[in-house]
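Have a look at the structure below before the remarks.
One-based numbering, in listed order, for ligands and for the atoms of each. The analysis underlying the following values was restricted to heavy atoms, covering all of them including side chains, and did not include hydrogens, waters or symmetry mates.
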Amino acid sequence: MADLEKGTGDWRNQTSITEFILLGFRNLHELQIPLFLLFLVIYIMTMAGNILIIALVVADQHLHTPMYLFLGNLSCLETCYSSTILPRTLAGLLTGDRTISFIECITQLYFFGSMVSVECCLLSAMSYDRYLAICKPLYYAALMNNSVCFRLAAGSWVSGFVACTITTCWISQIIYCGPNEIDHFFCDYTPLVKLSCSDTHLMALVIFLFTSILTLPPFLLTLASYVCIIATIHRIPSTAGRQKAFSTCSSHLIVVTIFYGTLIIVYLLPDTDTLRDLYKVFSLFYTVLTPLVNPLIYSLRNREVKEALRKAASEAMNFITNSNLFCM
Ligand SMILES: *[C@@H]1O[C@H](CO)[C@@H](O)[C@H](O)[C@H]1NC(C)=O
């Protein structure tokens, strides 16, 4: 507990706060080391899985189609996304130092917020791609070529970062005068705005509107795409045909459900003390778990990814046996 008190002492003397304290999982104090190991394993697996997917998509010519280019972009996003949160959490668990400077906190908020928005846009671009492939197969080649794909991917990245620049600039302007304890394991909007001593009613409203504008249209687009996809698949007469059509979008549907499901639960949950721990647990789902399960789901369920993986593995084996021969 000593580290908790160390930081709290000095804010009272200051007019504005220069550092925050991330309380994290404070009731799990004995579990610091097991938690550290758990998160370390999760982080290593997330990085390895996503980097593997990026390497496969970039290296394998068969995967140079819009669906897999989007998947490569999503993996790229998720390596960055978990790197904005997990290394910081890991360092905190290991050293017990929970302080985070104001600048670090705002930076984390900025990158986290931007990447959540980019993820919403990319997921909806991916479901639009599946919608065209399944519901409008005759027009697919005309409507979804590489240049459209490039524009959708680039648009997702740019809009996510631009929109978050605006909200983050604003949040960094409000005055914090203490207390400086953030009851969360990373700097998120809601806990941070709650700490301000400016009048945040207007700000909370505007941020709510802003996040709705950012996340609602991609969410509705994704939902609409899947309603059309499922309706179309439902009309396919043969079971085999139905399964084949569904198999191309089932991985994506699982990822979308986990991501939006937990995001909606977290932001719609009423903010009470008893639900605070539940809030943290669900935050873990979309910050830590989605980046981890995404490559797993795709590599386990998707035939073409599995094929590319097998080919890459056999090439690697060949390379190793050949280089062994050279050594002998
Ligand atoms: C992301 O999408 C763009 C546009 O289609 C593509 O050129 C690029 O290779 C993709 N990136 C990855 C890592 O797959």
Pairwise, report which nitrogen or oxygen atoms of ligand 1 are under 3.5 angstrom from protein nitrogen or oxygen atoms, and how far apart they are.
unit_1   : atom_1 : unit_2 : atom_2 : d
ligand 1 : 2 (O)  : Asn73  : OD1    : 3.4
ligand 1 : 2 (O)  : Asn73  : ND2    : 2.2
ligand 1 : 11 (N) : Asn73  : ND2    : 3.2

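- Of the possible polar contacts, one joining the Thr79 side chain to the Cys76 backbone as a donor-acceptor pair under 3.5 Å is found.
- Asn145 is listed as a side-chain neighbour of Val148, based on a closest heavy-atom distance under 4.5 Å.
- Evaluation of the ring-ring contact (aromatic ring centres under 6.0 Å, His included) rule for Tyr110 yields no partner, not counting sequence neighbours.
- Crowding of Tyr140 atom OH: a count of heavy atoms from other residues, nucleotides or ligands under 6.0 Å exceeding 12.
- A search for ring-ring contact (aromatic ring centres under 6.0 Å, His included) contacts involving Tyr68 returns nothing, not counting sequence neighbours.
- Partners of Arg310 by salt bridge (Lys or Arg N to Asp or Glu O under 4.0 Å), not counting sequence neighbours, listed by chain and number: Glu307.
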